[in-house]
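Data block below; observations after.
Lettering of chains follows the sequences in order, A, B, ..., and the numbering in each one begins at 1.
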2 protein chains.
Amino acid sequence: MSQQRHGSTPGAADGVPAFPDLPEATIARLPEYLRALHHLAETGAETVSSEGLAAAAGVNSAKLRKDLSHLGSYGTRGVGYDVALLVDQIEYILGLDKNRAVCLVGVGNLGHALAGYAGFASRGFRVVALFDADPKKVGEQINGLTVQHTDDLERVAAEESIAIGVIATPPGTAQAVADALVAAGVTSILNFAPGVLSVPSNVDVRKVDLAIELQILSFHEHRKASLTALPGGRSAQPASGDQEVVGS
Amino acid sequence: MSQQRHGSTPGAADGVPAFPDLPEATIARLPEYLRALHHLAETGAETVSSEGLAAAAGVNSAKLRKDLSHLGSYGTRGVGYDVALLVDQIEYILGLDKNRAVCLVGVGNLGHALAGYAGFASRGFRVVALFDADPKKVGEQINGLTVQHTDDLERVAAEESIAIGVIATPPGTAQAVADALVAAGVTSILNFAPGVLSVPSNVDVRKVDLAIELQILSFHEHRKASLTALPGGRSAQPASGDQEVVGS
DNA sequence: CGCGATTTGTGCACGCCTTCACAAGCGCCT
DNA sequence: AGGCGCTTGTGAAGGCGTGCACAAATCGCG
Ligand SMILES: NC(=O)c1ccc[n+]([C@@H]2O[C@H](COP(=O)([O-])OP(=O)(O)OC[C@H]3O[C@@H](n4cnc5c(N)ncnc54)[C@H](O)[C@@H]3O)[C@@H](O)[C@H]2O)c1
Ligand SMILES: NC(=O)c1ccc[n+]([C@@H]2O[C@H](COP(=O)([O-])OP(=O)(O)OC[C@H]3O[C@@H](n4cnc5c(N)ncnc54)[C@H](O)[C@@H]3O)[C@@H](O)[C@H]2O)c1
């Protein structure tokens, strides 16, 4: 990405600390580390070893150390990582100290559940606006918020300086909603509608497709079935309390 | 890749067709290809070029060709891929021709939405049972199904030969639910509760954590903000209708 | 004050995945 | 029948990510 200028160390040289460009794989794991750290903090732990945190986050300890080393984190050799310090570091890197404003478009079955989800607020996000195109939904109160009409999206998004939008509308309207979000200044989109969105290159999109998740599991079921068919009988070895997560 | 044995094509030589072991990255993309193919089929297309299908699925055409070549797919040079044939191939590989039975545990906010989701049925899955530990929920009718008590999980799962379970319970109970599912013979789990599950090695787990998705987006917001701070002014180039999906 | 136990940070090698580039194959048109 | 354009399938190269293994660093204790 950004070629290195004047090989200085990434410390906070001046007012704005240099932003390290972490590997994508690393930043995808930071949230899991953060969750594990919060859990540890609640149990009163002051420090964690890489081994301990890795176990809590379900990863290899070497991987965890390398990940943390990327963000210049300061652990103490022989002791481990300071839990509170690491929480602050990761929250800063992820930009969670801003308590980011999020809007949700499409208040149907899924949208209702999302609008009432406490897990967003507790992990750094404020759902500040709900939108729907159906006049019957507009005006409805959900979790202290009033559903507004999609026509007001652009105005409200600007007023509340919303940078993240969630799409929970039917697949056919997802692209139009994405366009409206982009026009309203949103630069990050979380999309629950199946299908591919087309957006400007400065906008980030992440997709959650439950059917795809199930289909990947189905593949592994198929594979497991076709393996137990041929070799020695069905060896369902419980293999101790180990953890198995398929894919990434 | 697979060393060639007696140069025969990988067709169904005997009763059980050889099961190709595809790269994980490939199988994660097959469902997206499948969705795009179904869409193309509806519009009446008989064949697609790798370029066309790649665009519809949002990937590089070379990647798509390599993916399809892994499953020994038969395209026709100069023409493209037969849509109907490819659909059958992919559905077979993913094991979707079985119309797999799925059960859902935890009928709360999220569980309600999932139980009524039509996107499962249309993409190869039948939700055949709903479970909850709350006596007030047991007996409730959702989408033609009656919520049953978790105590009946093991019996029902065996009766219906359920291989895939979905967890939509609070984080604290997710591990216990996973243990119950495993005890009931479930070998694939889709988990919506934040946290790490510990399961035997013959059980596959996939996790969906919405807060993590938002946090990854938040990171990119943070990064974008810190970039526009230093270099030339804010260059929000719309860059044509290109597509941008961050992470995998 | 020195030593051993412990744990971090990382150099290195390996494997997976992506992407390019092109030869081989296929159909159509003349 | 032959040639031409189009598209697939794949060899090769490069990049990224993972995990091992170990040196460096720190703490506690005698
Ligand atoms: N329900 C689930 O569990 C589930 C699971 C996975 C994915 N999804 C996906 O999430 C999306 C929503 O699912 P759902 O079950 O909530 O559907 P739904 O039909 O219950 O809700 C869709 C809502 O979007 C609103 N809407 C439609 N067009 C709109 C527009 N242009 N602008 C704003 N709002 C608009 C509708 O008025 C409705 O309230 C779908 O794409 C679906 O495939 C749903
Ligand atoms: N609501 C959302 O939009 C959302 C989004 C992302 C993740 N999640 C996660 O999904 C899970 C469910 O969220 P929710 O909002 O539906 O919560 P909820 O409290 O509304 O529902 C939880 C349900 O699980 C049932 N339950 C509790 N313990 C159980 C057990 N041991 N066995 C069976 N059932 C049990 C409860 O009776 C309740 O009906 C949580 O882990 C949450 O973090 C929810």
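Under the ring pair (Phe, Tyr, Trp, His ring centres under 6.0 Å) criterion, Y81(A) pairs with no residue, sequence neighbours left out. Applying the ring pair (Phe, Tyr, Trp, His ring centres under 6.0 Å) test to F192(A) and every residue at least two apart in sequence or in another chain returns nothing. Not a single ring pair (Phe, Tyr, Trp, His ring centres under 6.0 Å) links H70(A) to another residue, sequence neighbours left out.
Rounded to whole Å, atom C1' of dC17(C) lies 15 Å from atom CG of L30(B). Computed from coordinates, the Y74(A) OH to dC27(D) P distance equals 16 Å when rounded to whole Å. Taking atom CG of residue L64(A) and atom P of nucleotide dT18(D), one finds them 12 Å apart after rounding to whole Å. In this entry the distance linking CG of L53(A) with P of dT8(C) reads 10 Å, nearest Å. Regarding D21(B), its CG atom lies at a distance of 16 Å from the P atom of dG15(C), rounded to whole Å. Distance CD (E24(A)) to P (dG17(D)): 8 Å, rounded to an integer number of Å. In this structure, L22(B) places its CG atom 14 Å from P of dC16(C), rounding to the nearest Å. Taking atom CG of residue L85(A) and atom C1' of nucleotide dT8(C), one finds them 15 Å apart after rounding to whole Å.
Formation of a donor-acceptor pair under 3.5 Å by the T76(B) side chain with backbone atoms of V79(B) is not found in this model.
For residues 208-221 of chain A, the pairs satisfying salt bridge (charged side-chain N to carboxylate O under 4.0 Å, His left out) are D209(A)-R123(B), E213(A)-R206(B), E221(A)-K224(A), with sequence neighbours left out. Within the structure, side chain to side chain donor-acceptor pair (under 3.5 Å) contacts touching residues 36-48 of chain B (residues at least two apart or in different chains) are H38(B)-E91(B). Counting only residues at least two apart or in different chains, side chain to side chain donor-acceptor pair (under 3.5 Å) contacts with residues 52-67 of chain A comprise T26(A)-D67(A), R29(A)-D67(A), Y33(A)-D67(A), S50(A)-R65(A).
The phosphate of dT26(D) (OP1 or OP2) has no side-chain N or O of Y81(A) nearer than 4.0 angstrom. Under 4.0 angstrom from either OP1 or OP2 of dC20(C) there lies at least one side-chain N or O belonging to N60(B). S50(B) has a side-chain polar atom (N or O) that falls below the 4.0 Å cut-off from OP1 or OP2 of dT8(D). Put simply, R29(B) has a side-chain N or O that comes within less than 4.0 Å of OP1 or OP2 on dT18(C).
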Please list, one pair per line, the donor and acceptor atoms closer than 3.5 Å that link side chains of residues 168-179 of chain B to other protein atoms, with sequence neighbours excluded.
| residue | atom | partner | partner atom | Å |
| --- | --- | --- | --- | --- |
| T169(B) | OG1 | T173(B) | OG1 | 3.0 |
| T173(B) | OG1 | P170(B) | O | 3.1 |
| Q175(B) | OE1 | S198(B) | N | 2.9 |
| Q175(B) | NE2 | D179(B) | OD1 | 2.9 |
| Q175(B) | NE2 | S198(B) | O | 3.0 |

Short heteroatom pairs, N/O only, protein and nucleotides 11-14 of chain C, under 3.5 Å:
| residue | atom | partner | partner atom | Å |
| --- | --- | --- | --- | --- |
| dG11(C) | O6 | K66(A) | NZ | 3.2 |
| dC12(C) | N4 | K66(A) | NZ | 3.3 |

Output a table of nitrogen or oxygen pairs between the protein and nucleotides 24-27 of chain C separated by less than 3.5 Å.
| residue | atom | partner | partner atom | Å |
| --- | --- | --- | --- | --- |
| dA24(C) | N3 | R77(B) | NE | 3.1 |
| dG25(C) | O4' | R77(B) | NE | 3.2 |
| dC26(C) | O4' | R77(B) | O | 3.4 |

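Position along DNA chain D of the nearest nucleotide to R65(A) versus A25(A) favours A25(A) as the more 5'-ward residue. Taking for each of E51(B) and K63(A) the nucleotide of DNA chain D with the nearest heavy atom, the 5'-most of the two is the partner of E51(B).
A 4.5 Å side-chain heavy-atom check between I164(A) and V186(A) finds every atom pair outside the cut-off.
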